[in-house]
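To start, the structure itself, in structure tokens.
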Amino acid sequence: MTDPIADFLTRLRNGSKAKLAECIMPHSNLKEGIAAILKTEGYVSDHTNGVDEQGHKTLVVKLKYVDDAPAITGIKRVSTPGRRLYYSYSDVPRVLNGLGIAIISTSKGLMKDQDCRRNKAGGELLCNVW
């Protein structure tokens, strides 16, 4: 797999459109950090760690629905392995004029766009969620 973050986001997008209760994917600390930000922002209900049949660690994300509509309207990978996009804290783009969030990998850890501006930390823009 060339881009595990894009795979993670695609599984969330497809699972929410198919109205699944939860999505199961291979575990990584970066994916767990993204899931934690999505949980604090109210896009997913919960995330836990699990183990599959072969004994590999998995990440189980419970999807959230509001009035039978997915909480995640859209989720898009911005920085790719072939084209990394880095922004300083003052240049971080707003997602839908502040209605969505951008998740950024900084030297201080994963942050959403508002926290980057507040803490004056720039980094790689991973994805946009709305």
Side-chain angles (χ1 to χ4, degrees):
M1 185 181 323
T2 317
D3 192 3
I5 303 304
D7 178 63
F8 169 73
L9 298 175
T10 301
R11 287 179 193 229
L12 289 179
R13 186 183 315 112
N14 292 344
S16 65
K17 287 190 179 187
K19 306 240 192 241
L20 298 178
E22 60 187 24
C23 290
I24 301 169
M25 57 212 71
H27 179 273
S28 77
N29 290 334
L30 186 59
K31 292 178 197 174
E32 189 171 359
I34 293 172
I37 290 175
L38 292 176
K39 180 182 175 188
T40 58
E41 292 301 308
Y43 289 106
V44 297
S45 297
D46 196 15
H47 65 90
T48 56
N49 293 332
V51 178
D52 64 0
E53 306 86 45
Q54 289 87 21
H56 300 213
K57 261 180 108 171
T58 60
L59 181 65
V60 180
V61 179
K62 294 186 178 158
L63 300 174
K64 184 176 180 180
Y65 298 96
V66 180
D67 296 331
D68 247 5
I72 297 175
T73 306
I75 190 165
K76 182 181 178 191
R77 177 81 157 120
V78 178
S79 184
T80 62
R83 186 188 63 157
R84 303 287 186 187
L85 294 175
Y86 297 94
Y87 292 96
S88 67
Y89 73 92
S90 58
D91 296 334
V92 173
R94 296 187 189 276
V95 180
L96 293 179
N97 278 335
L99 294 178
I101 63 167
I103 299 177
I104 300 157
S105 175
T106 69
S107 59
K108 299 175 183 176
L110 287 178
M111 295 183 185
K112 62 179 188 163
D113 52 351
Q114 290 177 346
D115 294 338
C116 284
R117 290 186 200 94
R118 188 176 305 120
N119 296 328
K120 296 190 176 182
E124 180 183 356
L125 179 62
L126 295 178
C127 62
N128 293 333
V129 184
W130 63 92

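Position 1 is the first residue of the sequence; numbering continues from there. Predicted model, so just to flag it, every value in this text is computed and none were measured.
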Any chain of hydrophobic side-chain contacts (each under 4.5 Å) joining I34 to L12?
yes
Could you give the side-chain donor-acceptor pairs of residues 60-72 under 3.5 Å, partners two or more places apart or in another chain?
unit_1: K64; atom_1: NZ; unit_2: G42; atom_2: O; d: 3.4
unit_1: Y65; atom_1: OH; unit_2: G15; atom_2: O; d: 3.4
unit_1: Y65; atom_1: OH; unit_2: L20; atom_2: N; d: 3.1
unit_1: Y65; atom_1: OH; unit_2: L20; atom_2: O; d: 2.6

Let me check something: any side-chain donor-acceptor pairs from residues 121-130 under 3.5 Å, sequence neighbours excluded? List them with distances.
unit_1: E124; atom_1: OE2; unit_2: S79; atom_2: OG; d: 2.7
unit_1: E124; atom_1: OE2; unit_2: R84; atom_2: NH1; d: 3.0

*Do L110 and V92 belong together in a cluster built from hydrophobic side chains that touch within less than 4.5 Å?*
no
(message) Can you tell me if K19 has over 12 outside heavy atoms packed within less than 6.0 Å of its NZ?
(response) yes
- Single-linkage hydrophobic cluster V44~L9, side-chain heavy atoms < 4.5 angstrom: yes
Rounded to the nearest 0.5 Å, the CG atom of D7 sits from the CE atom of M1 at a distance of 4.0 Å
Sorted by chain and residue number, the side chain to side chain donor-acceptor pair (under 3.5 Å) partners of D46 (sequence neighbours excluded) come out as K39
Q54 meets the side chain to side chain contact (heavy atoms under 4.5 Å, CB included) criterion, sequence neighbours left out, with D52, H56
### Hydrophobic cluster identity match, I5 and I101, side-chain contacts under 4.5 Å
yes
Got R94 and R117 here, is their nearest side-chain heavy-atom distance under 4.5 Å? yes
Rounded to the nearest 0.5 angstrom, the CZ-CD1 distance for F8 and I75 is 7.0 Å
Scanning both residues in full, the closest heavy-atom pair of M111 with C116 reads CB-SG, 3.7 Å
Separation between CE (M25) and NZ (K31), nearest 0.5 Å, reads 7.5 Å
Side chain to side chain contact (heavy atoms under 4.5 Å, CB included) filter on R118, not counting sequence neighbours, yields Q114, D115
dist L59:CG -> T48:OG1 (nearest 0.5 Å) comes out at 7.5 Å
Of all heavy-atom pairs linking P4 and T2, the shortest is CD-O, 3.6 Å
Here the pair of heavy atoms bringing V51 nearest to T58 is N-OG1, 3.6 Å
In this structure, OG1 of T40 is separated from NZ of K112 (nearest 0.5 Å) by 6.5 Å
Residue pair H27 / E32, side-chain donor-acceptor N/O under 3.5 Å
yes
Students should find that the hydrophobic cluster of Y86, defined by side-chain heavy atoms under 4.5 Å apart, otherwise consists of none
Rounding to 0.5 Å, atoms OG1 (T106) and NZ (K120) come to a distance of 15.0 Å
